Amino acid sequence: MKQVTNSVLMVRPVAFRMNEQTTFNNYFQKELSGMLPAAINAKAQQEFDALVNQLESVGIDVVVVEDTLETDTPDSVFPNNWISLHDNGDVVLYPMFAENRRAERREDILDILEEKGFLIDNVIDFTSAEEDGVFLEGTGSLVLDRANSIAYCALSPRADEELFIEFCEDFDYAPVIFEAFHTVDGVKELLYHTNVMMSIGEHFAIICSDMIADKKERKMVLDNLRESGKELILISEKQVAHFAGNVLELSGTNDKRYVVMSTAAAESLNTAQKVQLEKHVSILSANLQTIETCGGGSARCMLAEIFLPKD
């Protein structure tokens with residue numbers, strides 16, 4: 001199974017703002033004071049369009065879908081939380097913590113993908129778990145080592161252990177389960193999404209292992225990554241706050257490899273970390289300040305990888 005794809009789905013926001021329904025456990029979100037909602041959305045659109053242009057300029061295939069004003073979906077720019085698209089033709093739909101995020105799931109997006117030549121054989125729908133207050137937010141909650149069939153999950157209000165194990169059983173992934181904490185106003189809080197503190201590329205893994213408080217769990221995670229042949233690039237909690245873990249490896253023209261991240265993430269990396277990364281990939285960074293500040297997510301969250309076969 002391939003770890004890296006050349007194609008991504010991105011959703012262009014039309015009413016982006018800080019989502020009041022997700023601030024309960026996403027402590028990365030902040031208000032942009034003094035800016036009107038229309039101005040915040042316009043800045044987010046500029047950042048979105050610039051990232052799309054950068055990706056396309058290096059040969060990455062981007063399927064851009066416009067969000068709609070018919071629904072109140074301030075976080076629609078982060079589609080990787082509600083959908084994953086697999087190389088056997090499976091599409092998975094995930095249960096979402098915030099009620100207004102559930103409206104991001106749109107059947108017409110599957111039609112658009114099929115119109116682009118992608119083949120969808122089966123839709124696996126976990127969303128009924130919402131009725132029981134159980135959530136698993138896509139590749140925000142799941143960090144997949146596709147090539148080695150290992151799934152990593154930091155448990156949180158948005159990542160239920162039983163549902164994660166069910167996903168792993170359905171898709172033949174070995175589950176690696178742990179808890180990750182970050183410091184909020186001097187208090188240790190569960191990290192809301194796994195993909196904020198770790199990313200797995202083909203030959204490397206970026207991780208803030210310091211966030212895994214339990215030493216046995218930390219060792220288990222790091223051992224799994226090393227045994228899978230990944231070069232470990234260790235980042236700090238301060239770098240996580242700059243979204244240095246919220247990154248994604250993609251392939252461009254002639255299978256040239258890029259790691260996509262925000263400018264803030266790239267600037268937070270030290271020289272040794274950049275040297276490690278650049279053995280495997282080129283760094284592609286974009287200014288995502290508005291999206292990061294109000295949305296509490298960064299480049300990786302904006303990219304829903306498309307592994308679907310093409311006709």
Side-chain angles (χ1 to χ4, degrees), residues 5 8-29 44 48 51 63-65 67-68 71-86 90-107 109-110 113 123-130 133-144 146 151-160 163-164 166-167 171 180 190-200 243 245-248 260 262 288 291-292 294-307:
T5 183
V8 290
L9 167 70
M10 297 180 68
V11 178
R12 190 173 190 267
V14 295
F16 177 80
R17 67 173 191 277
M18 192 178 92
N19 186 354
E20 62 285 348
Q21 293 188 18
T22 56
T23 54
F24 299 104
N25 47 39
N26 180 347
Y27 301 101
F28 292 88
Q29 292 173 260
F48 178 94
L51 177 57
V63 177
V64 176
V65 175
D67 192 16
T68 171
T71 52
D72 177 32
T73 48
D75 278 333
S76 61
V77 74
F78 303 133
N80 82 309
N81 298 142
W82 67 266
I83 192 169
S84 62
L85 306 146
H86 299 262
D90 283 348
V91 171
V92 187
L93 305 179
Y94 295 91
M96 309 279 280
F97 172 83
E99 285 189 28
N100 64 5
R101 293 213 62 190
R102 299 168 195 175
E104 295 173 29
R105 298 188 296 253
R106 288 167 42 191
E107 207 169 299
I109 290 179
L110 302 188
L113 289 168
V123 177
I124 295 95
D125 189 344
F126 290 116
T127 61
S128 63
E130 288 166 353
V134 169
F135 312 108
L136 188 69
E137 294 194 335
T139 52
S141 299
L142 309 164
V143 173
L144 301 179
R146 297 169 187 270
Y152 295 81
C153 182
L155 301 180
S156 78
R158 304 199 197 183
D160 178 78
L163 192 55
F164 171 59
E166 185 180 335
F167 169 90
F171 288 88
L190 282 169
L191 191 66
Y192 80 109
H193 275 162
T194 317
N195 76 358
V196 177
M197 53 85 73
M198 72 181 294
S199 176
I200 296 177
F243 296 100
N246 196 241
V247 307
L248 183 66
V260 183
S262 70
L288 301 174
I291 290 171
E292 288 179 329
C294 292
S298 189
R300 196 277 169 265
C301 299
M302 297 170 68
L303 305 166
E305 300 145 283
I306 305 173
F307 285 93

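This one's a predicted model, so the numbers in the text were calculated from it and none came from an experiment. Count residues from 1 along the sequence.
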Task: Distance in Å, L191 CG paired with S156 OG, rounded so as to fall on 0.5 Å steps - done: 7.5 Å

Task: Residue pair G296 / F243: nearest heavy atoms and the distance that separates them - done: O-CE2, 3.6 Å

Task: Note, R106 side chain near T71 side chain (heavy atom, < 4.5 Å) - done: no

Task: Point-to-point distance, once rounded to the nearest 0.5 Å, from OH of Y152 to CE of M197 - done: 11.5 Å

Task: Separation of N81 CG from S76 OG (nearest 0.5 Å) - done: 11.5 Å

TODO: State, with a plain yes or no, whether a side-chain heavy atom of T68 is found less than 4.5 Å away from one of V14.
DONE: no

- [ ] Please report the closest heavy-atom contact between L85 and I83, naming both atoms and the distance.
- [x] CD2-CD1, 3.8 Å

Task: Closest approach of P79 to V11 (non-hydrogen atoms, all atoms of both residues) - done: CB-CG2, 3.9 Å

Task: With sequence neighbours excluded, residues passing salt bridge (Lys or Arg N to Asp or Glu O under 4.0 Å) with R12 - done: D49, E66

- [ ] Please determine, by modelled atom types, if E104 and T73 share a side-chain donor-acceptor pair under 3.5 angstrom.
- [x] no

Open item on the list: Give me the atom names and distance for the closest heavy-atom approach of V134 to P95.
Closed with: O-CB, 3.5 Å

- [ ] State whether a side-chain donor-acceptor pair under 3.5 Å links Y94 with S84.
- [x] yes

Task: R300 vs V247 side-chain heavy atoms within contact, under 4.5 Å - done: no

TODO: Would you name the heavy atoms of L51 and V260 that are closest together and state the gap between them?
DONE: CD1-CG1, 4.0 Å

Task: Spacing of CG belonging to L144 relative to CZ belonging to F171, to within rounding of 0.5 Å - done: 9.5 Å

- [ ] Report yes if some heavy atom in the side chain of M302 is under 4.5 Å from a heavy atom in the side chain of L288; otherwise report no.
- [x] yes

Open item on the list: Side chains of T194 and L142, heavy atoms from C-beta outward: is any pair under 4.5 Å?
Closed with: no

- [ ] Return the orientation label for the F167 and H86 ring planes: parallel under 30°, perpendicular over 60°, tilted otherwise.
- [x] tilted

Task: Flag for E305-T139: side-chain donor and acceptor within less than 3.5 Å - done: no

Task: I291 vs S298 side-chain heavy atoms within contact, under 4.5 Å - done: no

Task: Approximate separation, where rounding is to 0.5 Å, of N80 CG and S141 OG - done: 9.0 Å

Task: Minimum heavy-atom distance between I306 and T5, given as atom pair plus value - done: O-OG1, 2.7 Å

Open item on the list: Are the side chains of S199 and V143 in contact, using a 4.5 Å heavy-atom criterion?
Closed with: no

TODO: Check each of F126, F97, F164, W82 against F135 using the ring-ring contact (aromatic ring centres under 6.0 Å, His included) test, and report the only one that passes.
DONE: F97

Open item on the list: To the nearest 0.5 Å, what is the distance between CG on D75 and CG on N100?
Closed with: 7.0 Å

- [ ] Mind checking side-chain hydrogen bond (donor to acceptor under 3.5 Å, both in side chains) for E130 and listing every partner two or more places apart, or none if nothing turns up?
- [x] R105

Open item on the list: Is the shortest side-chain heavy-atom distance between L93 and I124 below 4.5 Å?
Closed with: no

Open item on the list: Using the salt bridge (Lys or Arg N to Asp or Glu O under 4.0 Å) criterion, which residues pair with E137? Sequence neighbours excluded.
Closed with: R158

